[in-house]
Amino acid sequence: MRYSGGLNHERAERQLALLAEGAGGPWAGTPWPEGLLDAATGRIGGLAVPVVSPQAQIEIKRMMPVWDPSRPRRAKDAEDIARLEAGLRRHG
C-alpha cells in the first residue's frame, strides 16, 4: 500500500508517504538511498513514523533535475534548500 499526499500550512509544505522497501513509479524496485530515514522518529498522534532527514531532503532537491532531466530546477527548491540549511545551522 502506498499513499503520497501533501499538506500546506503557513507556507510550510508537509509530505506524507507510506514507504515500502523501495521507490515506486518509474523507479519501482530501486532501493531508497542509504540514510534516507536516519532522522529522529516522528509522531502523528500515537503512531511512530519515519522522517526523511534534512540532509536527504537537500540531496533530493539538488539532484532531482540531474536524476530526471525532465524536471527543471525550481525557485521553490532553492528556497527549501536555504531553509533546510539554515535550520541545520541553527540546530547543529
Side-chain angles (χ1 to χ4, degrees):
M1 180 198 305
R2 185 175 300 278
Y3 166 82
S4 182
L7 304 171
N8 196 333
H9 177 69
E10 297 177 15
R11 296 185 44 181
E13 185 176 316
R14 292 143 177 105
Q15 293 290 324
L16 305 173
L18 298 177
L19 302 176
E21 292 295 315
W27 294 281
T30 303
W32 291 114
E34 192 70 31
L36 179 76
L37 299 175
D38 284 351
T41 300
R43 298 203 76 71
I44 299 175
L47 180 65
V49 295
V51 175
V52 176
S53 71
Q55 294 87 350
Q57 291 178 46
I58 291 168
E59 177 75 6
I60 291 165
K61 287 188 172 286
R62 282 194 175 132
M63 294 303 297
M64 187 53 72
V66 174
W67 297 332
D68 182 354
S70 71
R71 299 194 57 165
R73 295 197 183 275
R74 306 177 305 169
K76 179 196 178 308
D77 293 327
E79 293 165 4
D80 290 348
I81 290 168
R83 195 172 294 122
L84 287 161
E85 289 176 334
L88 286 171
R89 283 191 300 275
R90 271 194 314 275
H91 300 288

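Index from 1, following the sequence. Values in this document were obtained by computation on a predicted structure and should not be read as measured data.
- What you find for Val51 and Thr41 is that their closest heavy atoms are CG2-C, 4.3 Å.
- With sequence neighbours left out, Leu84 forms a side-chain contact (heavy atoms from CB on, under 4.5 Å) with Pro54, Gln57, Ile58.
- With Glu59 as the partner, the side chain to side chain contact (heavy atoms under 4.5 Å, CB included) test is satisfied by one option alone out of Met63, Gln55, Lys61: Met63.
- Closest heavy-atom contact between Pro72 and Ser70: CD-O, 3.3 Å.
- In this structure a side-chain-to-backbone donor-acceptor pair under 3.5 Å is present from Arg73 to Arg62.
- Here OG of Ser53 is found 8.5 Å from CG of Leu88. Values are rounded to the nearest 0.5 Å.
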